Amino acid sequence: MTRIDFHTNVPDKIAYACRLVRKARSARHKVVLMTDDASQLAELDAAMWTFSATDFLPHVAASDVLATQTPVLLTDNDAADLPHRELLINLSRRTPATLDQFARVIEIISSDEDDAAAGRKRYSAYKQQAYPLTHFVTGKS
């Protein structure tokens, strides 16, 4: 069953996602990042090129012809054909349609009240479906 981790109270979801991807890639994991829309996807794409002067995070859009050969995929489309099934990082406010196809999902929830409310709804829904859940509050040890 898919393991789901909630990371809440995140001040900057894009920067946080970049750090998670760097950590996942250092462990050689393949990663899919789900965004709300094309605008957030473009912001994430730009940030992944510029967040660190010393780290390279090879990534493409899930629809790119190189998607099967690239370890990090970006998408805003729940119906996208995704070749990677290891780790999904969800920056969107919706439940990913392909949730059950991944070994692990990380839900990034900001401190914004609307985002937090959507995250609480997903947490409750996942809990009712008996997914194994963990919760990390950013800024607390």
Side-chain angles (χ1 to χ4, degrees), residues 1-68 70-141:
M1 179 172 256
T2 302
R3 172 184 157 191
I4 303 173
D5 300 329
F6 275 78
H7 293 230
T8 61
N9 201 37
V10 175
D12 181 345
K13 289 172 74 164
I14 300 293
Y16 194 84
C18 289
R19 289 191 302 275
L20 284 177
V21 170
R22 177 176 53 195
K23 185 175 179 180
R25 285 301 307 142
S26 71
R28 300 208 169 280
H29 295 297
K30 292 184 178 179
V31 183
V32 174
L33 292 106
M34 177 80 64
T35 64
D36 269 324
D37 53 34
S39 174
Q40 187 183 37
L41 185 115
E43 183 182 353
L44 177 62
D45 179 45
M48 290 187 73
W49 286 110
T50 61
F51 92 102
S52 171
T54 58
D55 297 302
F56 174 64
L57 300 174
H59 67 282
V60 296
S63 59
D64 192 282
V65 295
L66 296 174
T68 58
T70 308
V72 180
L73 304 179
L74 313 180
T75 187
D76 63 350
N77 179 0
D78 280 88
D81 183 25
L82 302 169
H84 307 328
R85 304 287 182 207
E86 199 171 338
L87 173 61
L88 172 66
I89 298 175
N90 187 21
L91 290 98
S92 78
R93 294 181 184 196
R94 65 185 180 276
T95 300
T98 57
L99 176 82
D100 288 335
Q101 297 176 10
F102 288 89
R104 183 176 179 198
V105 173
I106 298 176
E107 290 273 0
I108 301 177
I109 313 297
S110 74
S111 52
D112 172 76
E113 186 50 43
D114 290 339
D115 193 45
R120 284 190 293 273
K121 285 181 183 177
R122 289 195 307 279
Y123 187 92
S124 293
Y126 297 152
K127 190 173 183 175
Q128 288 177 359
Q129 296 172 50
Y131 283 103
L133 302 171
T134 57
H135 180 209
F136 304 95
V137 179
T138 305
K140 291 189 178 182
S141 299

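Keep in mind the model is a prediction, meaning the values are calculated, not measured.
The distance from the CD1 atom of Ile106 to the CD1 atom of Ile109 is 11.5 Å, given to the nearest 0.5 Å.
For the pair Ala38 and Asp76, the tightest heavy-atom approach, listed with the atom from each and the gap, is N-OD2, 2.9 Å. The shortest heavy-atom contact between Ala67 and Leu73 is O-CD2, 3.5 Å. Of all heavy-atom pairs between Asn77 and Thr75, the closest is N-OG1, 3.0 Å. Residues Leu44 and Cys18 come closest through the heavy atom pair CD1-SG, 4.4 Å. Taking every heavy atom of both residues into account, Asp36 and Arg94 meet most closely at O-NH1, 3.3 Å. For the pair Val32 and Phe102, the tightest heavy-atom approach, listed with the atom from each and the gap, is CG2-CE2, 3.9 Å.
By the 4.5 Å heavy-atom criterion applied to side chains, Leu91 and Met34 are not counted as neighbours. Contact check for Glu43 versus Thr35: no side-chain heavy atoms found under the 4.5 Å cut-off. The shortest distance between side-chain heavy atoms of Ser111 and Val10 does not fall below 4.5 Å. The side-chain heavy atoms of Pro132 and Ile4, taken from C-beta on, include no pair separated by under 4.5 Å.
Using modelled atom types, one side-chain atom of Glu86 and one backbone atom of Lys30 make a donor-acceptor pair closer than 3.5 Å. Counting only distance, with no hydrogens or angles, the side chain of Ser52 and the backbone of Asp55 share a donor-acceptor pair below 3.5 Å. Without hydrogens or angle criteria, Gln129 side chain to Ala125 main chain gives a donor-acceptor distance under 3.5 Å. The main-chain N or O of Arg93 is found under 3.5 Å from a side-chain atom of Arg122 such that the two form a donor-acceptor pair. Although no hydrogens or angles enter the test, the distance criterion places a donor-acceptor pair under 3.5 Å between the side chain of Thr2 and the main chain of Leu99. Using a distance-only test at 3.5 Å, with no hydrogens or angles considered, a donor-acceptor pair links the side chain of Ser26 to the main chain of Lys23.
His59 pairs in a side-chain contact (heavy atoms from CB on, under 4.5 Å) with only one of the listed residues (Leu33, Val72, Val21, Val31), which is Val72.
Under 3.5 Å, the side chains of Glu107 and Tyr123 contain no donor-acceptor pair of N or O atoms. For His135 and Thr8, the side-chain atoms include at least one donor-acceptor pair closer than 3.5 Å. For Ser110 and Asp112, the side-chain atoms include no donor-acceptor pair closer than 3.5 Å. Remark: the Thr134 side chain and the Asp5 side chain contain an N/O donor-acceptor pair separated by less than 3.5 Å.
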Intermediate values then yes/no, side chain to side chain contact (heavy atoms under 4.5 Å, CB included), Leu74 and Val60: CA-CA 6 Å; Leu74 313 180; Val60 296; over 6 Å; no
Test side chain to side chain contact (heavy atoms under 4.5 Å, CB included) applied to Leu20 and Ile108, step by step: CA-CA 10 Å; Leu20 284 177; Ile108 301 177; 3.7 Å; yes
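One finds a salt bridge joining Glu113 and Arg120 here, because a Lys/Arg side-chain nitrogen approaches an Asp/Glu carboxylate oxygen to under 4.0 Å. Using a 4.0 Å cut-off between charged side-chain N and carboxylate O, Lys13 and Asp115 make a salt bridge.
Residues passing the ring-ring contact (aromatic ring centres under 6.0 Å, His included) test with His7 are Tyr16, Phe136, sequence neighbours excluded.
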